[in-house]
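Reviewing the structure listed below.
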There are 2 protein chains.
Amino acid sequence: MPTSSPPAGPVSPEVADIERALTRITYLSTRARQHERLMGLAGVPLDRAAVALLRQIADCEPQRPGELAHRLGVEPSHVTRTVQQLQKSGHVTRVPDPDDRRAQRIQLTELGRDAIARIREAGARGMQLALADWSPEELGRLATLFHRMVDDFLAYSKHIDDDREQEHEPTEAPPRGH
Amino acid sequence: MPTSSPPAGPVSPEVADIERALTRITYLSTRARQHERLMGLAGVPLDRAAVALLRQIADCEPQRPGELAHRLGVEPSHVTRTVQQLQKSGHVTRVPDPDDRRAQRIQLTELGRDAIARIREAGARGMQLALADWSPEELGRLATLFHRMVDDFLAYSKHIDDDREQEHEPTEAPPRGH
DNA sequence: TATTGTTATACTCTATAACTATA
DNA sequence: TATAGTTATAGAGTATAACAATA
């Protein structure tokens, strides 16, 4: 089994460019300073872990902890911990899962809903200022392309995970090819 | 001095959309699992902190530790620590700064140069696969817009920092306009 | 027995504070 | 005295491992 797969073909310069830009902005935007600035603007005192989780909950609630962990790409124990904090601070509540008594679904409170709205608003407002020179058409094009890129990344990532799962599971059907 | 600044105007839906997509991909791409996968593909055993620093060094070498810290948005002590690791592992060396004997500039070794090339290649290759359906024109448009977005973010961020500095420093010249 | 979630623990990454050396 | 860097320390964020409860 070849561990370090050999180069398989050239990479387009555009993609290489995107890769650099994305890693750069990714690192910068996850620094503590940046986070503090955002929390200051939003008037919300939450740490980074809590914000990431709260965003995910807001996207589709009520959700089970396991589902949240999966979507965020973190371990379930981390979700447990962070949910407990958010519960103490009054940003989320738990409601029993009608289908499975092992689980409890996580739901935003009014405070949590308000917090996430402020955070998103503050973040978007900062971007708006940074991109003040852009025409509405340019912004629209970027939004469309970027959104599509993220969707494709997520789909590809899911695809990879499924493949990896198959490798470890006993194959039910005989493997064909490859 | 108003601490929680009141809403100052509407945010365009496009920008709000970009903000969501960016934070999502940002969080996911900085998870440990994702990093391990990348290192596996690249055949390079480096932790996240080391990779971030190595990328920055590769962008413009040789650089002083303070400059690296500034560009990465981290504290100088973190750079010190990470450079020491990279030096032990043979990815960077230090050369005396001719202009300032307090500092030593950081430079990639052959191993370091190779490592960063592999990492970038592996990252870009993964993206290429995820975006396999895109036409070259679409990729080009995204690359252009995205690159410009990142540049504008950096410029805006610098602008903010400068303003903050001025607030704390005694003004030397009388402030004119704004 | 398998799945879901939690508790306990440890490790990685990064910041803060105190210190050193040169400017 | 101010600046650049380092050392020492601590904290936040997240993973791993062991466990409990329900399916």
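Letters A, B, ... mirror the listed sequences (proteins, then strands); counts begin at 1. Everything numeric in this text was worked out from a predicted model, so none of it was measured.
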Could you pull out all residues at least two apart from Phe146(B) that satisfy ring-ring contact (aromatic ring centres under 6.0 Å, His included)?
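Partners of Phe146(B) by the ring-ring contact (aromatic ring centres under 6.0 Å, His included) criterion, ordered by chain and then number, come out as Phe146(A).
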
Taking only residues two or more places apart in sequence or in another chain, which ones pass side chain to side chain contact (heavy atoms under 4.5 Å, CB included) with Glu137(A)?
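Partners of Glu137(A) by the side chain to side chain contact (heavy atoms under 4.5 Å, CB included) criterion, ordered by chain and then number, come out as Ser135(A), Arg141(A).
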
Specify the separation, in whole Å, of atom CD of Gln34(B) and atom C1' of dT14(D).
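About 16 Å, once rounded to whole Å.
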
Identify whether any heavy atom of Gln84(A) sits under 4.0 Å from a base atom; if not, whether one sits that close to sugar-phosphate; answer base, sugar-phosphate or nothing.
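It contacts sugar-phosphate atoms only.
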
Counting N and O atoms only, with roles assigned by atom type, does the side chain of Glu61(B) sit under 3.5 Å from a partner on the main chain of Leu108(B), one being a donor and the other an acceptor?
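Checked: pair present.
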
When you measure from the side chain of His35(B) to the backbone of Leu46(B), do you find a donor-acceptor pair of N or O atoms at a distance under 3.5 Å?
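Yes; judged by distance alone, with no hydrogens or angles, the pair exists.
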
At a heavy-atom distance below 4.0 Å, what parts of residues 59-72 of chain A sit against DNA chain D?
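Those residues: none at all.
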
Taking only the side-chain nitrogens and oxygens of Arg94(B), find out if one of them lies under 4.0 Å from OP1 or OP2 of dT6(D).
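Yes, because at least one side-chain N or O of Arg94(B) sits under 4.0 Å from OP1 or OP2 of dT6(D).
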
Salt bridge or not for Asp59(A) and Arg71(A), using N-O below 4.0 Å?
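Arg71(A) and Asp59(A): not salt-bridged.
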
Can you tell whether the side chains of Arg31(B) and Glu75(A) come within less than 4.0 Å, N to carboxylate O?
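Between Glu75(A) and Arg31(B) there is no salt bridge, as every charged N stays at least 4.0 Å from the carboxylate O atoms.
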
Where along nucleotides 12-23 of chain C does protein come under 4.0 Å, by heavy atom, of base (B) or sugar-phosphate alone (S), with - for untouched nucleotides?
-SBBB----BBS

Listing request: all salt bridge (charged side-chain N to carboxylate O under 4.0 Å, His left out) pairs with a residue in residues 44-58 of chain A, at least two apart in sequence or in separate chains.
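As it turns out, the salt bridge (charged side-chain N to carboxylate O under 4.0 Å, His left out) pairs with a partner in residues 44-58 of chain A, which skip direct neighbours, are Arg55(A)-Glu19(B).
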
Strictly by salt bridge (charged side-chain N to carboxylate O under 4.0 Å, His left out), give each pair with a member in residues 144-153 of chain B just once, sequence neighbours left out.
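Every salt bridge (charged side-chain N to carboxylate O under 4.0 Å, His left out) pair that includes a residue of residues 144-153 of chain B, provided the two are not neighbours, is Glu138(A)-Arg148(B).
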
